[in-house]
Amino acid sequence: MTSAAIPLAWGQGGHRPSLLTPWPMTALLVLAVLAFETLHPLLLVSYGTLALAFVLSNVRRFYAMSAVQKRAVALLLSVLALMMPIAVFREPAALAHLLVALLSLGAAYTLTLNLRGYATAGRRCLLLAQIFLVTYLLTSDLTALPLENLLEDTSSNGITAALVLLQVNHSTLRFLLARRTSIATSTITLAICIAGYGRGSIIAALMILAINLFALVSWRSAGAVVLGMFLAVVIAASAVRTIGGEAVEFIELHTKIGAGLEDEPRQRMIDDYLEQIDGATAFSGASYRGTSIESDFNGNPHNSYIRAHHLFGLPYLVVMLIFPLLIPWRRHSWPVVAYSASALLVLLMRSFTEPVLFATLLDVFFFGIWFSLAGTRSLPRKALDLGSSIRHRGCATL
């Protein structure tokens with residue numbers, strides 16, 4: 001079966017497996033987020049069990065991967081097999097990370113067998129997270145950094161970085177399937193990130209919102225664009241005049257933006273890790289021993305790329321970085337290429353200051369986006385059947 005023949009909704013010509021429907025998919029994605037944020041044993045076991053059920057109940061469908069998907073997966077599996085003995089010898093816990101990587105990969109492919117169902121599940125997961133976080137923030141003192149105390153041993157950066165990932169997943173799938181932007185959810189994500197004291201997440205959420213606004217404007221006529229820009233300027237000027245001072249003061253006092261873009265602790269962790277690297281460890285991955293990552297941050301490098309290199313070395317890091325390049329972009333229209341590539345770039349940039357990707361539970365979203373883009377062929381906007389696109393036709397910018 002070629003990639004173009006993979007159905008957007010599995011079940012054409014046969015029985016639809018019960019797990020490949022939006023609600024079980026939503027449960028899997030929600031469990032992935034909760035298990036990642038809390039590391040609670042019950043949630044970890046629940047996610048692993050459900051993800052394994054998804055994979056095993058659809059194991060025959062793995063033969064239906066496109067040639068591009070098969071080559072990319074084979075490359076990743078080969079690298080993991082190569083690096084696994086070295087990783088386990090240095091750190092036995094690497095075996096658990098290997099299982100996470102494999103399970104995330106398999107679960108992500110299974111989810112995308114019903115691409116519209118996966119898009120719906122991703123949207124529900126994002127909305128549930130936003131509703132919970134907004135409700136929590138509205139009942140908290142925003143000046144007291146409420147997200148720092150939401151979960152034990154979890155910082156606000158980890159929460160908002162995961163939210164950015166959920167937003168990128170939703171926005172990319174929505175635009176791929178229906179050529180619709182997600183301005184409303186992007187705005188809410190930005191607001192939550194501002195209240196969450198973050199710096200990287202604020203910038204990432206602002207970039208996602210900008211991508212959606214540009215995509216929305218690009219479909220309009222020249223007159224509509226000019227009118228929209230005029231109205232935006234008027235609204236922005238009015239907002240600045242009424243609440244501009246208070247907003248700037250809040251951002252300066254209660255987010256890290258006010259302190260500038262330089263992050264001394266994270267820079268120190270990068271410098272410490274680089275000092276551990278020599279000819280051998282550049283290939284195999286270096287240890288945290290003797291670094292501030294171990295002594296001051298409990299083994300958390302706050303960087304997906306350092307963590308990936310530490311776990312499985314340079315080959316794994318390189319493969320994960322080139323994975324987006326393995327998407328057959330020629331099969332997609334230029335708006336989908338521009339939108340999706342920009343969103344993925346934002347996600348990769350956000351991962352530089354928080355370990356949300358690469359052998360984590362949230363890889364299911366990264367691979368979900370990848371399989372979605374690598375296994376379909378996007379249609380020109382005029383050819384889209386909007387009646388069969390993601391439901392919620394009344395809200396074109398959700």
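Any value given below was found using the heavy atoms of this structure, including those in side chains, with hydrogens, waters and symmetry copies removed. If you read the sequence from its start, that first residue is 1, and numbering goes on from there.
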Trainee: At what distance, to the nearest 0.5 angstrom, does CG of Leu44 lie from CG of Leu34?
Mentor: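 It comes to 10.5 Å.
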Trainee: Verify whether one side chain among Asn58 and Thr110 offers a donor that lies under 3.5 Å from an acceptor in the other.
Mentor: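 Judged by distance alone, the side chains do not pair up.
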Trainee: Under a single-linkage definition using a 4.5 Å side-chain heavy-atom cutoff for Ile, Leu, Val, Met, Phe, Trp and Tyr, are Leu163 and Ile131 assigned to the same hydrophobic cluster?
Mentor: no
Trainee: Between Pro24 and Leu50, which heavy-atom pair has the shortest distance, and what is it?
Mentor: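 Between these two residues, the closest heavy atoms are O-CD2, 4.2 Å.
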Trainee: Take atom CG in Asn298; do more than 12 heavy atoms of anything else shown fall under 6.0 Å from it?
Mentor: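 Atom CG in Asn298 is not crowded, with 12 or fewer foreign heavy atoms closer than 6.0 Å.
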Trainee: If you define the side chain from C-beta out and look only at heavy atoms, does anything of Leu105 sit under 4.5 Å from Leu77?
Mentor: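 Yes. Closest side-chain heavy atoms under 4.5 Å.
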Trainee: Is there side-chain contact between Asn300 and Met269, with at least one heavy-atom pair below 4.5 Å?
Mentor: no
Trainee: Please tell me if the side chains of Gln276 and Asp272 come closer than 4.5 Å, counting only heavy atoms from C-beta onward.
Mentor: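 The answer is no, as the side chains (C-beta and beyond) never meet within the 4.5 Å cut-off.
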Trainee: Could you tell me if Asn169 and Tyr118 have a donor-acceptor pair between their side chains, going purely by distance under 3.5 Å?
Mentor: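 A donor-acceptor contact under 3.5 Å links the two side chains.
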Trainee: Is there side-chain contact between Ser372 and Thr172, with heavy atoms separated by less than 4.5 Å?
Mentor: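 Ser372 does not reach Thr172 side chain to side chain.
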Trainee: Going by side-chain contact (heavy atoms from CB on, under 4.5 Å), Ser304 matches just one of Leu362, Leu317, Leu357. Which one?
Mentor: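 One option only clears the test, and that one is Leu357.
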Trainee: So do Asn303 and Pro355 actually touch side chain to side chain, heavy atoms under 4.5 Å?
Mentor: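 No, side chains not in contact.
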Trainee: Do the side chain of Ser340 and the main chain of Val337 share a donor and acceptor less than 3.5 angstrom apart?
Mentor: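 Not confirmed, Ser340 side chain does not pair with Val337 backbone.
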Trainee: To the nearest 0.5 Å, what is the distance between CD1 (Ile369) and CG (Leu347)?
Mentor: 6.0 Å
Trainee: Take the angle between the ring planes of Phe366 and Phe323 and call it parallel below 30°, perpendicular above 60°, tilted in between.
Mentor: tilted
Trainee: What's the shortest heavy-atom distance between Met25 and Ala121, and which atoms?
Mentor: CB-CB, 3.5 Å
Trainee: Under the 3.5 angstrom rule, does the side chain of Ser156 hit a backbone N or O of Gly196 as a donor-acceptor pair?
Mentor: yes
Trainee: Looking only at heavy atoms, which two atoms of Ala286 and Ile277 are closest? And how far apart?
Mentor: CB-CG1, 4.1 Å
Trainee: According to the interplanar angle, ranging from 0 to 90°, do the rings of Tyr273 and His310 count as parallel (below 30°), tilted (30 to 60°) or perpendicular (above 60°)?
Mentor: perpendicular
Trainee: I'd like to know if the side chain of Tyr305 and the backbone of Leu348 have a donor-acceptor N/O pair within less than 3.5 Å.
Mentor: yes
Trainee: Evaluate side-chain contact (heavy atoms from CB on, under 4.5 Å) for Thr185 paired with Gln130, printing each intermediate quantity in order.
Mentor: CA-CA 8 Å; Thr185 53; Gln130 289 184 333; 3.8 Å; yes
Trainee: Between the main-chain N or O of Thr181 and the side-chain N or O of Arg174, is there a donor-acceptor pair closer than 3.5 Å?
Mentor: yes
Trainee: With a 4.5 Å heavy-atom cut-off, do Ser171 and Tyr339 have their side chains touching?
Mentor: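 The answer is yes, as the side chains (C-beta and beyond) meet within the 4.5 Å cut-off.
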Trainee: Would Val356 and Arg350 count as a side-chain contact (heavy atoms from CB on, under 4.5 Å) if you check the C-alpha gap in whole Å, the side-chain angles of each, and the deciding distance to 0.1 Å?
Mentor: CA-CA 9 Å; Val356 292; Arg350 183 64 190 95; 5.7 Å; no
Trainee: Any chance you could lay out the salt bridge (charged side-chain N to carboxylate O under 4.0 Å, His left out) test for Glu354 and Arg266, step after step, and finish with the verdict?
Mentor: CA-CA 10 Å; Glu354 203 64 35; Arg266 280 180 168 79; 2.9 Å; yes
Trainee: Would Val55 end up clustered with Val45 when hydrophobic side chains under 4.5 Å apart are linked, directly or stepwise?
Mentor: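 Result: no, two separate clusters.
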Trainee: To the nearest 0.5 Å, what is the distance between CG (Leu42) and CG (Leu31)?
Mentor: 9.0 Å
Trainee: Quick one: are Leu173 and Leu115 in side-chain contact, heavy atoms under 4.5 Å?
Mentor: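 A side-chain contact under 4.5 Å exists here.
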Trainee: Near Phe62 CZ, under 6.0 Å, is it more than 12 heavy atoms from other residues, nucleotides or ligands?
Mentor: yes
Trainee: Determine the minimum heavy-atom distance between Ala94 and Phe312, stating which atoms define it.
Mentor: O-CZ, 3.8 Å
Trainee: With rounding to the nearest 0.5 angstrom, report the CD1 to CG distance, Ile183 to Asn212.
Mentor: 6.0 Å
Trainee: Answer yes if Val73 and Leu325 sit in the same cluster of Ile, Leu, Val, Met, Phe, Trp and Tyr residues linked by side chain heavy atoms under 4.5 Å apart, and no otherwise.
Mentor: yes
Trainee: So, for Thr281 and His309, which heavy atoms are closest and what is the spacing to 0.1 Å?
Mentor: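 Nearest pair, atom of Thr281 first, then His309: O-CE1, 3.2 Å.
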Trainee: Look at the side-chain heavy atoms of Ile, Leu, Val, Met, Phe, Trp and Tyr, link any pair under 4.5 Å apart, and say whether Trp329 and Val68 land in one connected group.
Mentor: no
Trainee: What is the distance from atom CD1 of Ile202 to atom SG of Cys193, rounded to the nearest 0.5 Å?
Mentor: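 The CD1 atom of Ile202 sits 7.0 Å away from the SG atom of Cys193.
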Trainee: Taking the six-membered ring for Trp and the full ring for Phe, Tyr or His, determine whether the centres of Tyr109 and Phe367 are under 6.0 Å apart.
Mentor: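 No, the ring of Tyr109 stays outside the 6.0 Å limit from the ring of Phe367, centre to centre.
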Trainee: For the pair Arg124 and His170, evaluate side-chain contact (heavy atoms from CB on, under 4.5 Å) and give the outcome as yes or no after the intermediate values.
Mentor: CA-CA 9 Å; Arg124 288 173 178 173; His170 166 64; over 6 Å; no
Trainee: Quick one: pull up CZ in Phe358 and OH in Tyr316 and give me the separation to the nearest 0.5 Å.
Mentor: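 Here the interatomic distance stands at 7.0 Å.
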Trainee: Please confirm whether the backbone N or O of Ser104 pairs with a side-chain atom of Asp363, one donor and one acceptor, at under 3.5 Å?
Mentor: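 Side chain of Asp363 to backbone of Ser104: no pair is present.
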Trainee: Would you check, one step at a time, whether the test side-chain contact (heavy atoms from CB on, under 4.5 Å) holds for Tyr47 with Val364?
Mentor: CA-CA 11 Å; Tyr47 170 74; Val364 67; 3.8 Å; yes
Trainee: Any non-hydrogen side-chain atom of Val318 less than 4.5 Å from a side-chain atom of Leu314?
Mentor: yes
Trainee: Consider only side-chain heavy atoms of I, L, V, M, F, W and Y, link residues closer than 4.5 Å, and tell whether Ile159 and Val134 are in one cluster.
Mentor: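 In one cluster with Ile159: Val134, yes.
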Trainee: Using modelled atom types only, decide if a donor and an acceptor are shared between the side chain of Glu37 and the backbone of Val33 within a distance under 3.5 Å.
Mentor: no
Trainee: Has Gln69 got a side-chain atom pairing as donor or acceptor with Ser66's backbone, closer than 3.5 angstrom?
Mentor: yes
Trainee: Taking only residues two or more places apart in sequence, or in another chain, which ones meet Leu311 in a side chain to side chain contact (heavy atoms under 4.5 Å, CB included)?
Mentor: His97, Arg307, Ala359
Trainee: Using every non-hydrogen atom in the two residues, find where Cys125 and Leu166 come nearest and quote the distance to one decimal.
Mentor: SG-CD2, 4.0 Å
Trainee: Check salt bridge (Lys or Arg N to Asp or Glu O under 4.0 Å) between Asp271 and all other residues, then give those that pass, not counting sequence neighbours.
Mentor: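 In terms of salt bridge (Lys or Arg N to Asp or Glu O under 4.0 Å), with neighbours along the sequence ignored, Asp271 is linked to no residue.
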